[in-house]
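In what follows, a single structure is set out as structure tokens and then discussed.
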Amino acid sequence: MVDAVAAANNATGRINAGQTMLASNFETFLSLLTAQLKNQDPLSPVDSNQFTAQLTQMAGVEQQLLTNQLLKSMLAAQSGGGLGAAADYIGKDATAAWSATRFKDGQAKWSYELAGNAASATLQVLDGSGKVVWQGEAPHKTTGVHDFVWDGRTTTGGDAQEDQVYTLKVVARNAAGDSLDAQVLTRGRVTGVEMYDGEIFLTVGASVLPMSSLIALEEARTASAPSNEDDPGLLASVASALNPSKLFS
């Protein structure tokens, strides 16, 4: 469904561009035809066969414009249907490759995934301007998914601002000192869906993220909160649906 929405958006853009070109050509054609009729030689008028052919071409362009308008209406209806289908995600537990979340009720929550055991792993919290406001050692460095909760205390001793968006970044290295693949995840219950600029967004926990960033979706768990233990099974669960080389892009 995500691919269908993206394809619909691309198709809409192409249709809009094509319609603009056709409309311009249509106006130009009418101007030229009118000028031709006004300035034709009365003793040698336009051949009736040529004039009929020109009128047929004009009708074809007009028909193409109407067809483009119809396609736009169909794509708009399809996007609305995608939003309705996305509503089925509400109440399910989602995992997304997304690093931005709001600081809410005195904390911000993320998960991070390591492709292997790390000799060193550093977490950085960035504010909306991209400035690092907190940096520290990752609480877990083993392969798999780990949860991280930031209490809002900055490196300089200040406090995070309530309802402001912060981003997590993870930098990990293996025993040889080489960079280790890692990614930041957002995990939580889907509580809402919305359409913005032709794209569907989901509310997951304290984050609002594009549906295209989802990598896993499952029925709601009975547990009240995810544990802080390793969750190596998540990587295996999404690997079958995604290209492994893209898991940590």
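Quantities reported herein were computed from a predicted structural model and do not represent experimental measurements.
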* Asked: Picking from Thr95, Thr186, Asp147, what satisfies side-chain hydrogen bond (donor to acceptor under 3.5 Å, both in side chains) with Ser111?
  -> Asp147
* **His140 vs Tyr112 side-chain heavy atoms within contact, under 4.5 Å** => yes
* **Whether Tyr166 side chain and Gln161 backbone form a donor-acceptor pair below 3.5 Å** => yes
* Any side-chain heavy atom of Thr167 sitting closer than 4.5 Å to one from Val184? -> no
* Can you tell me how far the NE2 atom of His146 sits from the CG atom of Leu123, to the nearest 0.5 Å? -> 10.0 Å
* Structure fact -> In short, Asp93 meets Ala220 closest at the heavy-atom pair OD2-CA, 3.3 Å
* Pairwise distance NZ(Lys109) to CG(Leu168) - rounded to 0.5 angstrom -> 14.5 Å
* Structure fact -> Grouping ILVMFWY residues whenever side-chain heavy atoms fall under 4.5 Å, the cluster of Leu126 otherwise contains Val132
* Determine, using the 4.5 Å side-chain heavy-atom cutoff (strictly less than), whether Ile90 and Leu209 are members of one ILVMFWY cluster. => yes
* To do: List the steps and the verdict of side-chain contact (heavy atoms from CB on, under 4.5 Å) for Arg153 and Asp159.
  => CA-CA 5 Å; Arg153 297 294 294 176; Asp159 295 315; 2.6 Å; yes
* Asked: Given the rule in the side-chain contact (heavy atoms from CB on, under 4.5 Å) test, do Val145 and Leu185 qualify, once you have shown the distances and angles that lead to the verdict?
  -> CA-CA 9 Å; Val145 178; Leu185 304 172; 4.1 Å; yes
* Asked: Are Phe103 and Trp134 close enough that their ring centres sit under 6.0 Å apart?
  -> no
* For the hydrophobic clusters of this structure (ILVMFWY residues joined by side-chain heavy atoms under 4.5 Å, transitively), does one cluster hold both Leu202 and Leu217? -> yes
* **Flag side-chain contact, heavy atom, 4.5 Å: Lys104 against Glu162** => yes
* Steps toward side-chain contact (heavy atoms from CB on, under 4.5 Å) verdict (Trp98, Arg187) -> CA-CA 9 Å; Trp98 192 253; Arg187 298 198 288 172; over 6 Å; no
* Might you point out which heavy atoms bring Arg173 and Ser179 nearest each other, and give the distance in Å? => NH1-N, 3.6 Å
* **Sidechain-backbone polar pair: Tyr89 side chain, Ala94 backbone, donor-acceptor under 3.5 Å** => no
* To do: Determine, stepwise, if the pair Thr143 / Asn117 fulfils side chain to side chain donor-acceptor pair (under 3.5 Å).
  => CA-CA 5 Å; Thr143 304; Asn117 293 329; 3.3 Å; yes
* Greater than 12 external heavy atoms within 6.0 Å of Lys169's NZ -> no
* **Residue pairs involving residues 118-137 (criterion salt bridge (Lys or Arg N to Asp or Glu O under 4.0 Å); sequence neighbours excluded)** => Glu137-Lys141
